[in-house]
Amino acid sequence: MLDRKFIVENSDLVKKNCQNRNAPADVDRFVALEEQRKSLQSTLDEANRKANETAKSIGKAPADQREVLKEEGRKIRDEAAGIQKQLDEIGAEADVIVRSIPNMSHAAAPVGVDDKANLELFRGKTPIPQFDFKPLDHVELGEKLDLIDFEGGGRVAGHGFYFLKNDAVLLEMALQRYALDVLLKEQFTPTTTPDLARNEILHGIGFIPRGPETQIYSVDGTDLSLVATAEITLGGLYSGQTVDADELPLKLCGISHCFRTEAGAAGRASRGLYRVHQFTKIEMFAYTLPGESDDMLEYLRDMECRIFDGLGIPFRVVDTATGDLGGPAYRKYDLEAWMPGRNEYGEVTSTSNCTDYQSRRLNIRYRVKGEKGTRLVHTLNGTAIALSRGMIAVMENYQQADGSILVPEVLRAWMGKDRIEAKK
RNA sequence: GGAUGGGUGGCAGAGUGGACUAUUGCGUCGGUCUUGAAAACCGAAGUGGGUGAAAGCUCACCGGGGGUUCGAAUCCCUCCCCAUCCGCCA
């Protein structure tokens with residue numbers, strides 16, 4: 001969430017930003033509530049001061065005056081409780097609004113209400129492949145080569161689930177191992193993370209568990225939800241913590257399963273592995289000083305390019321328009337890989353600078369040696385590789401006329417073979 | 001899942017209803033001394049909010065939330081976490 005004081009002092013900027021981001025939020029109402037809240041808080045502070053004073057005087061007072069003072073104390077506390085109740089009500093209403101206000105946007109982010117305004121920045125090193133046969137999509141390839149069982153997935157868990165089989169299992173692991181290797185060389189701290197997290201953490205990252213439109217599976221009878229990305233767990237990892245400034249930046253990567261209900265996604269391009277309820281992903285996550293997050297975003301984007309250039313997969317880099325940013329992001333780049341089966345680009349990674357939007361609610365701070373007080377860190381996240389979509393890109397771009405799939409050079413050592421053979 | 005003991009400032013660790021304005025030690029910062037440092041000694045220093053030009057004043061915070069009380073680190077309820085033991089399991 002944004003800083004309350006910032007919203008009050010810059011309400012015009014915030015309103016303009018909400019407009020650019022296609023995010024309806026009653027900023028004026030928030031400002032009015034915030035002013036009421038401040039004034040009530042002062043009144044409450046004063047009442048508490050009097051109550052404290054009275055309470056302290058009782059210990060020292062002669063016995064015959066105590067009852068009078070106690071009565072006085074009770075009266076003040078009653079008053080304070082009334083004010084507190086009003087304050088809670090105003091606070092709750094203001095809270096709903098402040099949560100609906102998105103992060104501010106980078107000055108260079110393209111302005112537009114939806115993804116049509118997204119801006120292509122540049123393309124990767126690998127050209128789009130020209131086939132002298134009609135390329136198949138990954139669903140057909142998966143069936144022909146006995147690599148993916150959607151039917152079995154449906155039988156066990158329903159539509160949107162799948163079994164990977166045979167060389168697809170090796171390919172998935174090779175992709176993981178390859179991407180992890182790239183990150184290790186860059187001194188990312190590797191982790192495997194919980195696949196569930198407390199709802200409080202989900203909220204802090206900007207996800208809303210439960211509710212009609214939720215993307216999140218929550219576990220009945222607990223305050224836990226299945227994570228939609230390791231961004232949730234890696235961001236939660238430092239919740240409530242204060243780190244020394246000289247430990248920053250922290251670069252982590254986390255391997256987790258990702259679970260998404262994909263509510264409201266029916267009918268959209270979602271064939272095969274493209275939009276599924278469960279997949280595995282390696283996520284990068286960084287905590288930085290505020291002055292360093294812009295550079296870190298470029299760095300994370302560069303890591304994504306390196307990973308996909310290394311795989312020899314054609315892609316383009318897109319600067320996300322304000323209206324398509326999502327609440328926490330200040331700026332976001334997506335990599336879209338060429339998918340011959342769709343004959344178009346499809347999103348494979350996404351990296352965002354969330355500035356202090358997440359750290360404010362998660363209360364993640366840093367301390368500068370010798371300076372008083374603490375400040376909020378900036379958080380960033382980026383996909384190293386989402387295995388489901390990564391596999392689509394590899395399978396479709398590397399398919400051969402004879403029906404086999406060539407294994408990208410960088411994966412051969414991890415896979416132990418250079419080709420996924422066509423079935424006889 | 002059960003039992004027991006715990007959670008207090010950067011760290012360690014005292015504090016069982018009013019002098020807590022949270023003892024003490026370590027570490028940190030400033031000073032004295034010193035060519036410089038160490039040691040010793042003196043002093044300062046928590047986090048977040050409100051107000052103020054500032055000094056300051058003030059509110060909240062002792063794992064989270066709630067309660068009892070004029071008054072809670074302390075008592076009660078609840079949740080979370082940690083340790084140890086038991087059970088179960090991979």
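Since we're looking at a predicted model, the values are computed, not measured. Each chain gets a letter, A, B and so on, in the order the sequences are listed, and its residues count up from 1.
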Report all interatomic pairs (protein N or O, nucleotide N or O of nucleotides 69-71 of chain B) with separations under 3.5 Å.
unit_1: B:rC70; atom_1: OP1; unit_2: A:Arg74; atom_2: NH1; d: 2.0
unit_1: B:rC70; atom_1: O4'; unit_2: A:Lys70; atom_2: O; d: 3.2
unit_1: B:rG71; atom_1: OP1; unit_2: A:Arg77; atom_2: NE; d: 3.1

Who is the Watson-Crick or G-U wobble partner of [N], with both distances under 3.5 Å?
| N | value |
| --- | --- |
| B:rU23 | none |
| B:rG1 | B:rC86 |
| B:rA38 | none |
| B:rU28 | B:rA44 |
| B:rC70 | B:rG18 |

Pairwise [atom1] distance, [M] and [N] [rounded to whole Å]:
| N | M | atom1 | value |
| --- | --- | --- | --- |
| B:rC26 | B:rG65 | P | 34 Å |
| B:rG6 | B:rA14 | C1' | 15 Å |
| B:rG64 | B:rC81 | C1' | 10 Å |
| B:rC29 | B:rA72 | C1' | 34 Å |
| B:rU68 | B:rG17 | C1' | 12 Å |
| B:rU74 | B:rC62 | C1' | 10 Å |

Just how far, in rounded Å, is [atom2] of [N] from [atom1] of [X]?
| X | N | atom1 | atom2 | value |
| --- | --- | --- | --- | --- |
| A:Asp244 | B:rC11 | CG | P | 11 Å |
| A:Glu46 | B:rC57 | CD | C1' | 11 Å |
| A:Lys85 | B:rG67 | NZ | P | 13 Å |
| A:Glu35 | B:rG50 | CD | C1' | 14 Å |
| A:Arg49 | B:rU51 | CZ | C1' | 13 Å |
| A:Leu40 | B:rC59 | CG | P | 18 Å |
| A:Glu200 | B:rG65 | CD | C1' | 11 Å |
| A:Leu87 | B:rA60 | CG | C1' | 12 Å |

Sugar-phosphate, base or nothing in reach of A:Arg198, heavy atoms under 4.0 Å: sugar-phosphate

State plainly whether the residues [X] and [Y] are in salt-bridge range, i.e. N to O under 4.0 Å.
| X | Y | result |
| --- | --- | --- |
| A:Lys75 | A:Glu79 | no |
| A:Asp356 | A:Arg375 | no |
| A:Lys85 | A:Glu89 | yes |
| A:Asp167 | A:Arg419 | no |
| A:Asp181 | A:Lys185 | yes |

For [X] and [Y], indicate whether the former's side chain and the latter's backbone hold a donor-acceptor pair under 3.5 Å.
| X | Y | value |
| --- | --- | --- |
| A:Thr242 | A:Tyr366 | no |
| A:Asp137 | A:Val139 | yes |
| A:Glu347 | A:Glu336 | no |

Nearest listed nucleotide, side chain of A:Lys38, among B:rU51, B:rC80, B:rC59: B:rU51

A:Glu9: side chain to side chain donor-acceptor pair (under 3.5 Å) partners, not counting sequence neighbours: none

Which residue lies more 5' along RNA chain B, comparing A:Leu44 with A:Ser57 via nearest heavy atoms: A:Ser57

What pairs of nitrogen or oxygen atoms, one from the protein and one from nucleotides 43-49 of chain B, lie under 3.5 Å apart?
unit_1: B:rU47; atom_1: OP1; unit_2: A:Gly373; atom_2: N; d: 2.9
unit_1: B:rU47; atom_1: OP2; unit_2: A:Lys372; atom_2: NZ; d: 3.3
unit_1: B:rU47; atom_1: O3'; unit_2: A:Thr374; atom_2: OG1; d: 3.4
unit_1: B:rG48; atom_1: OP1; unit_2: A:Thr374; atom_2: N; d: 3.1
unit_1: B:rG48; atom_1: OP1; unit_2: A:Thr374; atom_2: O; d: 3.2
unit_1: B:rG48; atom_1: OP1; unit_2: A:Thr374; atom_2: OG1; d: 2.8
unit_1: B:rG49; atom_1: N2; unit_2: A:Asp45; atom_2: OD2; d: 2.9

Worked verdict on A:Lys70 versus A:Glu67 for salt bridge (charged side-chain N to carboxylate O under 4.0 Å, His left out): CA-CA 5 Å; A:Lys70 280 190 191 180; A:Glu67 280 313 316; 3.8 Å; yes

A:Tyr274 six-ring centre to A:Arg389 NZ/CZ under 6.0 Å and within 45° of normal: yes

